[in-house]
Amino acid sequence: MDVTGNSTTGKIPDAFVRYLTDVAGHGKASVAVASLSSVPCTSIRVNPSKLAGADNAGYRYRPVPWSRFGAILENRPVFTLDPYFHAGAYYVQDISSMFIGHAFSAILGDSGLGGCPLKILDLCAAPGGKTTDLASRMPEGSLLVANEVIRQRAGTLRDNVMIWGSPDVAVTCGDPSRFGKHLVDFFDFVIVDAPCSGEGMFRKDPSALGQWSEDTVSLCSARQKRILADVWPALKPGGVLIYSTCTYNRYENGDNIAWMKSSFGAESVPVRCPEAEDAGAIPDEHGGMLFIYGVTEGEGQYCAAVRKPEGAFAAYPEKKAGYVPVNGFLEKAFGRKMFSSRNADGEAVEALPENLCGMLPYIRQAVPVLSAGVIAGSVRGKDFVPDASLALSSVYERDFYPRMPVDRETALRFLAKENIFLPGYPKGYLAVEYGGLPIGFVKNIGARMNNLHPSSRRIRMDIKLRNDE
């Protein structure tokens with residue numbers, strides 16, 4: 001099909017084709033436009049703290065060349081019907097966007113920082129794909145702040161972080177300018193997956209094509225510069241900013257890298273990857289990589305990195321006031337030393353690793369914190385009610401509560417927040433498990449079991465559909 005022709009997505013704007021040809025060449029632009037009506041591949045990224053690989057979840061797959069955790073599935077399953085999905089055993093993520101995690105690991109390896117605890121900001125983090133990837137890759141003892149400015153999307157991000165189970169993450173909801181103003185020289189890494197015109201998503205979301213315009217590109221480019229300028233002061237001198245978009249044009253990609261270099265004295269940090277180039281990704285003059293649907297197997301993605309010039313930077317001594325080591329009843333619930341405090345409602349108990357609670361006061365001064373560490377549970381009178389996040393946490397000790405293994409059908413009924421009952425178990429709280437992984441809690445009161453799965457996360461699929469699957 002000619003690049004200016006029609007597809008199932010409707011009329012393709014000439015300006016979009018011109019922008020795409022500018023960065024990819026006529027041949028690759030033609031391939032990309034012709035692929036707009038094709039079906040994207042299905043891929044997941046495995047949680048290494050819960051599964052060794054996609055085959056452990058029963059899927060047939062091919063590996064993603066630039067992600068040791070990535071898997072391209074032979075068929076698209078109904079993820080809602082897979083208890084492993086709800087257990088945080090994997091995250092459904094496009095293979096192109098997995099490249100940001102690769103870039104992070106590659107820069108760590110090249111810089112020699114692979115074993116050093118880091119402070120990392122994922123600035124535009126929802127829904128959580130890059131956050132959970134970074135959480136699996138960052139050095140032990142690191143702190144990851146996952147931020148989303150839109151409150152509703154921040155709630156989704158919070159849920160996905162809790163399901164993934166990393167205790168070293170704080171989820172925040174604040175404008176980028178708050179970080180640059182209140183956390184100067186704080187972060188070793190800043191990841192900015194900037195809001196963009198979405199050209200790389202046209203195949204996945206055909207409606208986005210009808211919303212695209214040259215004016216939209218200009219507006220996005222200006223907004224991206226504002227975001228970068230706002231957050232730049234929060235990056236420590238010598239630190240690295242990884243910039244990405246899901247669009248193609250140079251105005252939102254390479255030109256923004258050039259702008260950071262001229263405006264801030266930033267230095268390019270190449271994120272080249274031979275495996276990605278062999279798969280069709282296009283390198284640019286700033287050391288970045290561009291993934292184009294049809295040319296590469298995944299959707300559209302641009303990724304590049306810059307380093308802030310070396311220099312003196314502010315120090316942030318740890319502040320642990322208000323946090324005490326978890327002891328007593330909960331002491332044996334975690335596989336590492338954790339600290340606790342009461343949050344604002346006076347009932348919920350957060351458990352935080354030492355590296356997080358020491359820096360959290362600074363973060364709270366800058367932006368609202370929606371969650372941090374592990375929400376262990378809540379105190380109700382004399383009773384401690386465990387939270388689902390405790391079971392899903394990678395630091396939860398599996399034998400702290402009696403374990404109740406269930407089959408797939410029972411697991412789905414539990415996840416739909418239906419009543420389940422298995423005889424022969426002791427009264428009290430039980431950890432429900434599927435395939436060896438905790439998925440939540442029930443309270444056995446003898447004649448029945450109260451389902452403690454969060455209502456906001458319950459499966460809403462029809463029972464008949466589940467039984468017929």
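It should be emphasised that the depicted structure is a prediction, and the values quoted were computed from it without experimental measurement.
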- In terms of side-chain heavy atoms, does Ser197 have a donor or acceptor partner in Thr247 at a distance below 3.5 Å? yes
- Message: If I take atom CE from residue Met449 and atom NZ from residue Lys427, how far apart are they, to the nearest 0.5 angstrom?
- Response: 11.5 Å
- Kindly determine whether Ile95 and Trp66 satisfy side-chain contact (heavy atoms from CB on, under 4.5 Å), including the steps that lead there. CA-CA 9 Å; Ile95 63 172; Trp66 47 86; 4.1 Å; yes
- Message: What I'd like to find out is whether the side chain of Leu108 reaches to under 4.5 Å of the side chain of Leu118, using heavy atoms alone.
- Response: yes
- Mind running salt bridge (charged side-chain N to carboxylate O under 4.0 Å, His left out) on Asp193 and Lys130 for me, showing each step along the way? CA-CA 9 Å; Asp193 185 36; Lys130 296 173 183 67; 3.0 Å; yes
- Task: Mind checking the OG1-CD1 spacing from Thr131 to Ile100? Nearest 0.5 Å is all I need.
- Result: 11.5 Å
- Verify, without hydrogens or angle tests, whether Asn450 (side chain) and Lys443 (backbone) share a donor-acceptor contact under 3.5 angstrom. no
- Task: Write down the atom of Leu209, the atom of Pro13, and the distance for their closest heavy-atom approach.
- Result: CD1-CD, 3.8 Å
- Message: Could you check whether Arg62 pairs with Glu297 (Lys NZ or Arg NE/NH1/NH2 to Asp/Glu carboxylate O, under 4.0 Å)?
- Response: yes
- Assess whether side-chain contact (heavy atoms from CB on, under 4.5 Å) is satisfied between Tyr91 and Ile163, documenting all intermediate values. CA-CA 10 Å; Tyr91 191 98; Ile163 292 169; over 6 Å; no
- Query: Could you give the distance from NZ (Lys337) to CG (Leu352), rounded to the nearest 0.5 Å?
  - Reply: 13.5 Å
- Heavy-atom distance under 4.5 Å between the side chains of Val367 and Val145, does that happen here? no
- Task: Spell out, as yes or no, whether a donor-acceptor pair under 3.5 Å connects the side chain of Ser221 to the backbone of Glu252.
- Result: no
- Just how far is it from atom CG of Asn256 to atom OG1 of Thr245, taken to the nearest 0.5 Å? 8.5 Å
- Could you tell me how the ring of His102 sits relative to the ring of Phe99: parallel (under 30°), tilted (30 to 60°) or perpendicular (over 60°)? tilted
- Note on the structure: Value for CG (Asp94) from SG (Cys41), rounded to nearest 0.5 Å, stands at 6.0 Å
- On a heavy-atom basis, the closest approach of Leu412 and Leu81 is CD2-O, 3.7 Å
- Only residue of Asp407, Val406, Ile420 satisfying side-chain contact (heavy atoms from CB on, under 4.5 Å) with Arg413 is Ile420
- Message: If you take the centroid of each ring, where Trp contributes its six-membered ring, are Tyr434 and Phe414 closer together than 6.0 Å?
- Response: no
- Any donor and acceptor pair, going by atom type alone, linking the side chain of Asp205 with main-chain N or O of Met201 inside 3.5 Å? no
- Query: ring pair (Phe, Tyr, Trp, His ring centres under 6.0 Å) with Phe189: which residues, sequence neighbours excluded?
  - Reply: Phe104
- Item | Within-4.5 Å side-chain heavy-atom neighbours: Arg137 and Ser67 | yes
- Verify, without hydrogens or angle tests, whether Asn147 (side chain) and Leu123 (backbone) share a donor-acceptor contact under 3.5 angstrom. yes
- Message: Under 4.0 Å between a side-chain nitrogen and a carboxylate oxygen: does that hold for Arg153 and Glu148?
- Response: yes
- Query: Under 6.0 Å between the ring centres of Tyr251 and Tyr19?
  - Reply: yes
- Any donor-acceptor N or O pair under 3.5 Å, side chains Ser136, Arg45: no
- Item | Side-chain (His26) to main-chain (Thr21) donor-acceptor, under 3.5 angstrom | no
- Would you find a donor on one side and an acceptor on the other, under 3.5 Å apart, between the side chain of Arg457 and the backbone of His86? no
- Aromatic ring pairing Phe85/Tyr90, orientation class (parallel under 30°, perpendicular over 60°, tilted between): tilted
- Message: What I'd like to find out is whether the side chain of Ile282 reaches to under 4.5 Å of the side chain of Val23, using heavy atoms alone.
- Response: no
- Task: Check the surroundings of atom CD in Glu74: do more than 12 heavy atoms from other residues, nucleotides or ligands lie under 6.0 Å from it?
- Result: yes
- Message: Test side-chain contact (heavy atoms from CB on, under 4.5 Å) on Asn75 and Tyr59; report intermediate values, then the result.
- Response: CA-CA 9 Å; Asn75 301 292; Tyr59 292 132; over 6 Å; no
- Query: Are the aromatic rings of Tyr293 and Tyr248 close, with centres under 6.0 Å apart?
  - Reply: yes
- Does any non-hydrogen side-chain atom of Met359 lie less than 4.5 Å from one of Asn355? no
- Please answer whether the main-chain N or O of Gly165 pairs with a side-chain N or O of Ser394 as donor and acceptor at a distance below 3.5 Å. yes
- Salt bridge Arg18-Asp22, side-chain N to carboxylate O under 4.0 Å: no
- If you look at every heavy atom in Ile242 and Ala103, which pair is closest and at what distance? CD1-C, 4.4 Å
- Item | Heavy-atom pair with the smallest gap, counting every atom of Ile439 and Ala87 | CG2-CB, 3.7 Å
- Quick one: CZ on Phe441 to OH on Tyr429, what's the gap to the nearest 0.5 Å? 10.0 Å
- Message: Could you check whether atom CG of Asn419 has more than 12 heavy atoms from other residues, nucleotides or ligands sitting under 6.0 Å from it?
- Response: no
- Task: Look only at the side chain of Ser43 and the backbone of Gln93, and say whether a donor-acceptor pair between them is shorter than 3.5 Å.
- Result: yes
- Message: When you measure from the side chain of Ser35 to the backbone of Ala32, do you find a donor-acceptor pair of N or O atoms at a distance under 3.5 Å?
- Response: yes
- Message: Is it the case that the side chain of Asp110 and the backbone of Ile107 share a donor-acceptor pair, with hydrogens and angles ignored and the cut-off at 3.5 Å?
- Response: no
- Would the number of heavy atoms belonging to other residues, nucleotides or ligands and lying under 6.0 Å from CZ of Arg448 be above 12? no
